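Quick notes on the structure that follows.
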Amino acid sequence: MAAATIVHDTSEAVELCPAHGLYLKPITKMTISVALPQLKQPGKSISNWEVMERLKGMVHSHQFSTLRISKSTMDFIRFEGEVENKSLVKCFLACLDGKTIKLSGFSDILKVRAAEFKVDFPTRHDWDSFFRDAKDMNETLPGERPDTIHLEGLPCKWFARKESGSEKPSEDVLVRVFERFGEVRNVDIPMLDPYREEMTGRNFHTFSFGGHLNFEAYVQYREYAGFIQAMSALRGMKLMYKGEDGKAVACNIKVSFDSTKHLSDASIKKRQLERQKLQELEQQREEQKRREKEAEQRQRAEERCADRWPEGHTCAAMCTPVRA
């Protein structure tokens, strides 16, 4: 997930959980493709920076919030642009789509195509068909039907308990935020489980480009209606955090429906048993370390006794080994 960006205009944001400063803001991205001419002169090249500057100049008095190159080839340059509000997207597209750019030193003109960014988000058809066709799912059981949302790229700090002083996300806060859409049956934040990485072989601590710690989470609704409302509300949205000082930042998050039975009763029980085994192994290792330390201390005590007492005295009678 990309780093959070500053939001100057929050007028289109909708409430998610104002008590925790969380809102949803429409994704306002567009893709811009610039077709490049065949370079006939050896050693001559087109400056991506110059093309980007020309695009910025084509939107007149408006400004992109961000504009970056997503792909560059010999035939075209593709940009991803973002603007402050949804209402500006059409205005930007009208200024860019079908227009041309003339670069200094080149006789050919460059054609520009622009379109609204297509958000990668599952549809109701996607999850209905998945659970209908899945042979190993029982839709009468929680976790084996469309009831669980999988979220990735959530900033830890935004879901931490304010009074705790910690930047670790809280399951209680996660429930409070997402119960807006319906009663939450269960949640899971894998990074909070100290044994999970060993159990799965995965690293659940992920960083954004800004260096802030992100986390993934699972939210399971008791009713299908809650799941539907949450998915509908999150479609095409960024997560926005508004601080007590009124300043706002937003980030993209990845939202999908869980297709792995992550919060089914069987999966939860399996993780509990695996965790129990790892805890027992850890206790055995600790016990082994304790015994080794005691043996080492006993040996040292006996060596000290041997140096201190004359021949004929028994060290065991004179020295008591120190217990850990």
Side-chain angles (χ1 to χ4, degrees), residues 1 16-17 22 24 118-154 156 159 168-206 214-239 252-282:
M1 296 293 112
L16 178 59
C17 184
L22 292 172
L24 296 172
K118 286 183 181 175
V119 179
D120 181 19
F121 199 95
T123 64
R124 184 167 183 163
H125 172 75
D126 292 332
W127 60 73
D128 279 349
S129 57
F130 173 83
F131 286 100
R132 184 190 64 233
D133 300 338
K135 304 298 181 191
D136 61 337
M137 297 280 186
N138 180 350
E139 288 198 63
T140 63
L141 299 175
E144 299 190 32
R145 58 195 182 200
D147 61 8
T148 304
I149 293 176
H150 182 205
L151 302 134
E152 296 175 85
L154 299 171
C156 291
F159 288 83
K168 270 192 174 181
S170 157
E171 288 189 349
D172 291 341
V173 173
L174 187 68
V175 169
R176 230 168 290 147
V177 171
F178 284 96
E179 68 185 0
R180 179 180 188 87
F181 307 112
E183 188 183 350
V184 173
R185 180 180 186 268
N186 210 341
V187 295
D188 181 43
I189 300 175
M191 72 171 283
L192 296 181
D193 182 352
Y195 299 98
R196 195 70 62 89
E197 287 184 11
E198 201 171 339
M199 283 156 59
T200 61
R202 283 183 58 203
N203 178 13
F204 293 99
H205 295 68
T206 57
N214 292 335
F215 71 100
E216 67 173 289
Y218 295 83
V219 178
Q220 185 182 63
Y221 287 94
R222 196 167 290 281
E223 302 290 340
Y224 181 57
F227 170 83
I228 285 281
Q229 282 192 50
M231 291 297 275
S232 299
L234 294 168
R235 179 177 283 108
M237 295 296 217
K238 296 173 87 169
L239 185 63
N252 290 303
I253 58 171
K254 187 177 178 183
V255 181
S256 55
F257 63 90
D258 175 50
S259 58
T260 65
K261 304 185 190 178
H262 187 81
L263 286 177
S264 68
D265 291 342
S267 294
I268 291 168
K269 190 175 181 181
K270 186 184 174 189
R271 283 195 294 273
Q272 285 171 343
L273 289 171
E274 287 176 354
R275 190 180 300 112
Q276 194 177 329
K277 283 179 189 174
L278 288 169
Q279 284 171 335
E280 286 169 2
L281 280 171
E282 190 176 43

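None of these values were measured; they are calculated from a predicted model.
Applying the side-chain contact (heavy atoms from CB on, under 4.5 Å) rule to Asp265 yields the partners Arg185; only residues at least two apart in sequence or on another chain are considered. With sequence neighbours left out, the ring-ring contact (aromatic ring centres under 6.0 Å, His included) criterion links Phe159 to Phe215.
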Practice problem: Kindly determine whether His262 and Arg271 satisfy side chain to side chain contact (heavy atoms under 4.5 Å, CB included), including the steps that lead there. | Solution: CA-CA 10 Å; His262 187 81; Arg271 283 195 294 273; 3.5 Å; yes
Exercise. Determine, stepwise, if the pair Thr260 / Asp258 fulfils side-chain hydrogen bond (donor to acceptor under 3.5 Å, both in side chains).
Key: CA-CA 6 Å; Thr260 65; Asp258 175 50; 2.6 Å; yes
Self-check item: Step-by-step side chain to side chain contact (heavy atoms under 4.5 Å, CB included) determination, His150 to Ser256
Solution: CA-CA 5 Å; His150 182 205; Ser256 55; 3.7 Å; yes
Quiz item: After noting the C-alpha distance and the side-chain angles of Val255 and Met231, does the key distance pass the side chain to side chain contact (heavy atoms under 4.5 Å, CB included) rule?
Solution: CA-CA 8 Å; Val255 181; Met231 291 297 275; 3.9 Å; yes
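Counting heavy atoms from C-beta outward, Lys168 and Leu192 have side chains that approach closer than 4.5 Å. You'll find the side chain of Pro146 stays beyond 4.5 Å of the side chain of Phe257, heavy atoms only. Counting heavy atoms from C-beta outward, Thr148 and Val219 have side chains that stay 4.5 Å or more apart. The side-chain heavy atoms of Cys17 and Arg180, taken from C-beta on, include no pair separated by under 4.5 Å. When side chains are defined from C-beta on, Ile228 counts as touching Arg124, because their heavy atoms get closer than 4.5 Å. The closest side-chain heavy-atom distance from Asn138 to Leu141 is below 4.5 Å.
When every heavy atom of Glu171 is checked against every heavy atom of Asp188, the shortest pair comes out as OE2-CA, 4.0 Å. Nearest heavy-atom pair, Ile268 versus Leu263, reported as atom, atom and distance to 0.1 Å: CD1-O, 3.7 Å. Nearest heavy atom pair, residue Tyr221 against residue Gly182, reads CE2-O, 3.5 Å. The minimum heavy-atom distance linking Ile149 with Ala230 is given by the pair CD1-CB, 3.3 Å. Minimum interatomic distance between Asn214 and Met191 (heavy atoms only, all atoms of both residues): O-SD, 4.4 Å. The heavy-atom pair separating Lys261 from Asp136 by the smallest distance is NZ-O, 2.6 Å.
Here Arg235 contributes atom CZ and Leu24 contributes atom CG; the two are 13.0 Å apart, rounded to the nearest 0.5 Å. Atom CD of Glu216 and atom CD1 of Ile189 lie 10.5 Å apart (nearest 0.5 Å). Annotation: the span from Glu274 atom CD to Asp193 atom CG amounts to 10.0 Å, rounded to 0.5 Å. Distance check, rounded to the nearest 0.5 Å: CD of Gln272 to CD of Gln279 gives 10.5 Å. In this structure, the separation between OG on Ser264 and CE on Met137 is 8.5 Å, given to the nearest 0.5 Å. We find the CG-CG distance between Leu239 and Leu16 to be 6.5 Å, quoted to the nearest 0.5 Å.
The pair Arg145-Glu139 does not meet the salt-bridge criterion, since no charged nitrogen lies less than 4.0 angstrom from a carboxylate oxygen.
Judged purely by atom type and a 3.5 angstrom limit, Arg222 has no side-chain atom pairing as donor or acceptor with the backbone of Asn186. In terms of modelled atom types and a separation under 3.5 Å, the side chain of Asp126 and the main chain of Thr123 share a donor-acceptor contact. Judged by distance alone, with hydrogens and angles left aside, the side-chain atoms of Asp147 form a donor-acceptor pair with the main-chain N or O of Gly143 at under 3.5 Å.
Classification of the Trp127-Phe227 ring pair by plane angle, with boundaries at 30° and 60°, yields perpendicular. Ring orientation note: the planes of Phe181 and Phe178 are tilted relative to one another, at an angle of 30° to 60°.
Checking Ser170 against Asp172 by side-chain atom types alone, no donor-acceptor pair falls below 3.5 Å.
For Asp133, the CG atom counts as densely surrounded, since its 6.0 Å shell holds more than 12 non-hydrogen atoms of other residues, nucleotides or ligands.
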